[in-house]
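Here the structure is laid out as structure tokens; the discussion comes afterwards.
Residues: numbered from 1 along the sequence shown.
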Amino acid sequence: MDVLKFAKVPSDADFRDDIKEPMLESLEEFNQTGASFVLCMFPIYFVKDVMNYTNIEFAFCDNDSGLEVQDGNVTYTNVVELMIDSVAWAIKKAGYANMKIVIGEIGWPTDGYLHANIKNAERFHKGLLKFIASEKGTPLRPGSIDIYLHSLSDENKFGHKSGAFQRHWGIYEADGNPKYKIDFSLQDRDLYPTQAKGIVKMPNRWCVFNRDRSNMTLVNKNYELACKIADCTPLEKGASCDKLSFQSKISYAFNAYFQKYKQDIKFCDFNGFGKIVTTNPSVENSEFPIEILAFQDQPDKNGMILRV
Ligand SMILES: *[C@@H]1O[C@H](CO)[C@@H](O)[C@H](O)[C@H]1NC(C)=O
Ligand SMILES: *[C@@H]1O[C@H](CO)[C@@H](O)[C@H](O)[C@H]1NC(C)=O
Ligand SMILES: *[C@@H]1O[C@H](CO)[C@@H](O)[C@H](O)[C@H]1NC(C)=O
Ligand SMILES: *[C@@H]1O[C@H](CO)[C@@H](O)[C@H](O)[C@H]1NC(C)=O
Ligand SMILES: CC(=O)N[C@H]1CO[C@H](CO)[C@@H](O)[C@@H]1O
């Protein structure tokens with residue numbers, strides 16, 4: 001999507017000046033080889049940070065905001081159609097009115113961004129899949145559209161320079177449970193997709209801060225170290241664990257680190273400030289994860305995990 005310069009309406013859309021030449025070369029190549037134009041689009045981001053709407057409703061296909069973007073004789077009531085047609089206009093202006101557009105990535109994150117949550121993700125996909133199933137297409141591209149959902153599961157090592165949400169696009173949790181209802185068969189049924197099979201969680205053991213405040217400088221050093229290595233994105237501003245107390249945030253980080261190292265007790269030391277507990281320290285929306293077994297890990301008869 002960011003190959004376009006900002007336009008108020010789709011018919012004003014065109015490729016950015018600084019990359020126009022390579023874009024035109026690419027289009028020519030696609031045309032000659034019969035390839036599709038593959039569009040990666042993130043409505044949550046476009047509505048909030050490109051259009052700067054404070055109301056996120058326009059991002060949903062089942063919008064009820066009443067917001068409309070009028071473009072000549074065409075009215076857009078949701079950003080999905082507006083984004084597709086913006087790209088379609090730019091391609092049309094380059095001389096390829098019939099080039100096929102495929103949505104290579106579209107989705108809704110569940111953490112780490114304003115409006116990124118499970119409820120909105122479920123609603124977004126419900127509306128999107130209904131729109132896709134209708135095969136009505138957009139004003140400029142009527143008919144069926146192929147889409148690829150982004151993505152099947154969260155990616156806890158993904159680069160997140162542009163925000164914590166980059167690690168939370170998954171329809172599934174890492175433990176194989178679907179986060180929300182979505183009907184991949186496009187029948188708009190109200191059901192959870194199949195749970196992933198064969199996933200085994202490690203024992204219910206968490207590592208937390210023991211609340212010894214005798215040397216907070218050292219505690220902080222350990223906190224930083226843990227977050228440098230493990231995934232602390234749920235602690236970032238606006239994310240699911242942002243509201244935890246400072247001490248609980250330290251616990252979250254210690255646990256993330258401990259789980260990353262497969263619950264090896266060596267990794268819950270933190271200069272003596274870590275403590276292993278068997279009661280779940282999770283609160284409300286802030287879940288302290290338990291690691292899952294990788295296929296190369298085998299529990300021995302005592303339940304201990306050995307790397308083989
Ligand atoms: C390539 O572009 C030309 C001119 O727009 C068009 O006639 C032709 O059908 C296109 N080829 C493909 C494979 O789409
Ligand atoms: C939204 O804000 C960004 C950054 O401030 C700005 O570049 C962009 O032009 C704005 N868009 C609109 C539609 O005003
Ligand atoms: C919109 O207007 C254009 C000309 O400006 C016309 O070609 C097109 O058929 C119109 N579309 C609809 C849906 O009326
Ligand atoms: C805290 O730990 C650091 C690093 O080990 C040490 O240099 C410092 O003296 C300790 N501070 C206190 C108050 O014990
Ligand atoms: C209430 C409302 O505006 N609904 C619109 C949402 O978007 C769809 C698809 O563009 C329109 O058909 C609805 O009218």
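The NZ atom of Lys130 sits 12.0 Å away from atom NZ of Lys136, with the distance rounded to the nearest 0.5 Å. Atom CD of Glu173 sits about 5.5 Å away from atom NZ of Lys179, to the nearest 0.5 Å. The structure places CD1 of Ile199 at 10.5 Å from NZ of Lys197, a figure rounded to the nearest 0.5 Å. A distance of 11.0 Å separates SG of Cys207 from CG of Asp264, quoted to the nearest 0.5 Å. For the atom pair CZ of Phe273 and CZ of Phe209, the computed distance is 6.5 Å after rounding to the nearest 0.5 Å. Here Ile292 contributes atom CD1 and Lys201 contributes atom NZ; the two are 9.0 Å apart, rounded to the nearest 0.5 Å.
A centroid separation of 6.0 Å or more is found between the aromatic rings of Tyr53 and Phe46.
Only one option out of Lys20, Lys5, Lys92 pairs with Asp14 in a salt bridge (charged side-chain N to carboxylate O under 4.0 Å, His left out); it is Lys20. Looking at Glu155, Arg167, His168 one by one, the single match for side-chain hydrogen bond (donor to acceptor under 3.5 Å, both in side chains) with His160 turns out to be Arg167. Applying ring pair (Phe, Tyr, Trp, His ring centres under 6.0 Å) to Phe124 and the options Trp169, Trp108, Phe42 leaves one that passes, Trp108. Of the candidates Asp62, Asp188, Asp183, Asp188 is the only one forming a salt bridge (charged side-chain N to carboxylate O under 4.0 Å, His left out) with Lys126.
In this model, a donor atom of one side chain and an acceptor atom of the other lie less than 3.5 Å apart for Asn78 and Glu81. Between Ser11 and Asp71, the side chains place a donor N or O and an acceptor N or O closer than 3.5 Å (distance only, hydrogens not considered). Between Gln195 and Asn177, the side chains place a donor N or O and an acceptor N or O closer than 3.5 Å (distance only, hydrogens not considered). Using modelled atom types and a 3.5 Å distance limit, the side chains of Tyr113 and Asp49 yield a donor-acceptor pair. Side-chain polar atoms of Asn280 and Asn204 form no donor-acceptor pair below 3.5 angstrom. In the model, Gln187 has a side-chain atom that pairs as donor or acceptor with a side-chain atom of Ser185 under 3.5 Å. No donor-acceptor contact under 3.5 angstrom links the side chains of Ser248 and Ser251, judged on distance only. Side-chain contact, Asp85 with Tyr76: a donor N or O sits under 3.5 Å from an acceptor N or O.
Ion pairing between Lys157 and Asp231 fails under the 4.0 Å rule for side-chain N and carboxylate O. Ion pairing of Glu57 with Arg123 is present here, as a side-chain N (NZ or NE/NH1/NH2) and a carboxylate O approach within less than 4.0 Å.
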**Request:** Decide salt bridge (charged side-chain N to carboxylate O under 4.0 Å, His left out) for Lys100 and Asp146; before the verdict, give the C-alpha distance in whole Å, the side-chain angles of both, and the deciding distance to 0.1 Å.
**Result:** CA-CA 10 Å; Lys100 186 171 156 79; Asp146 290 334; 3.3 Å; yes
**Request:** Step by step, work out the side-chain hydrogen bond (donor to acceptor under 3.5 Å, both in side chains) result for Asn210 and Asp212.
**Result:** CA-CA 6 Å; Asn210 65 11; Asp212 170 0; 5.0 Å; no
**Asked** Can you list the steps and then say if Thr75 with Gln70 is a side-chain hydrogen bond (donor to acceptor under 3.5 Å, both in side chains)?
**Response** CA-CA 5 Å; Thr75 307; Gln70 195 66 37; 2.9 Å; yes
**Message:** Could you walk me through whether Met83 and Met1 satisfy the side-chain contact (heavy atoms from CB on, under 4.5 Å) test, starting with their C-alpha distance in whole Å, then the side-chain angles of each, then the deciding distance to 0.1 Å, before giving a yes or no?
**Reply:** CA-CA 8 Å; Met83 290 169 88; Met1 203 61 207; 3.7 Å; yes
**Asked** Stepwise, does the side-chain hydrogen bond (donor to acceptor under 3.5 Å, both in side chains) test hold for Gln259 with Asn255?
**Response** CA-CA 6 Å; Gln259 302 294 339; Asn255 182 60; 3.0 Å; yes
**Request:** Could you walk me through whether Ser240 and Asp111 pass side-chain hydrogen bond (donor to acceptor under 3.5 Å, both in side chains), step by step?
**Result:** CA-CA 6 Å; Ser240 56; Asp111 205 349; 2.5 Å; yes
**Request:** Could you walk me through whether Phe270 and Tyr223 pass ring-ring contact (aromatic ring centres under 6.0 Å, His included), step by step?
**Result:** CA-CA 9 Å; Phe270 298 108; Tyr223 179 25; 10.0 Å; no
**Prompt:** Going through the checks in order, is the ring-ring contact (aromatic ring centres under 6.0 Å, His included) test met by His125 and Tyr180?
**Reply:** CA-CA 10 Å; His125 285 96; Tyr180 46 83; 5.5 Å; yes
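Shown here is Asn98, whose CG atom has no more than 12 heavy atoms of other residues, nucleotides or ligands within 6.0 Å. The local environment of NZ in Lys93 is crowded, with over 12 non-hydrogen atoms from other residues, nucleotides or ligands closer than 6.0 Å.
Qualifying side chain to side chain contact (heavy atoms under 4.5 Å, CB included) partners for Lys181, counting only residues two or more places apart in sequence or in other chains: Glu122, Asp190, Tyr192.
Remark: side-chain polar atoms of Ser86 are paired, donor with acceptor, to backbone N or O of Leu82 under 3.5 angstrom. Checking side-chain atoms of Ser144 against main-chain N and O of Glu135 turns up no donor-acceptor pair under 3.5 Å.
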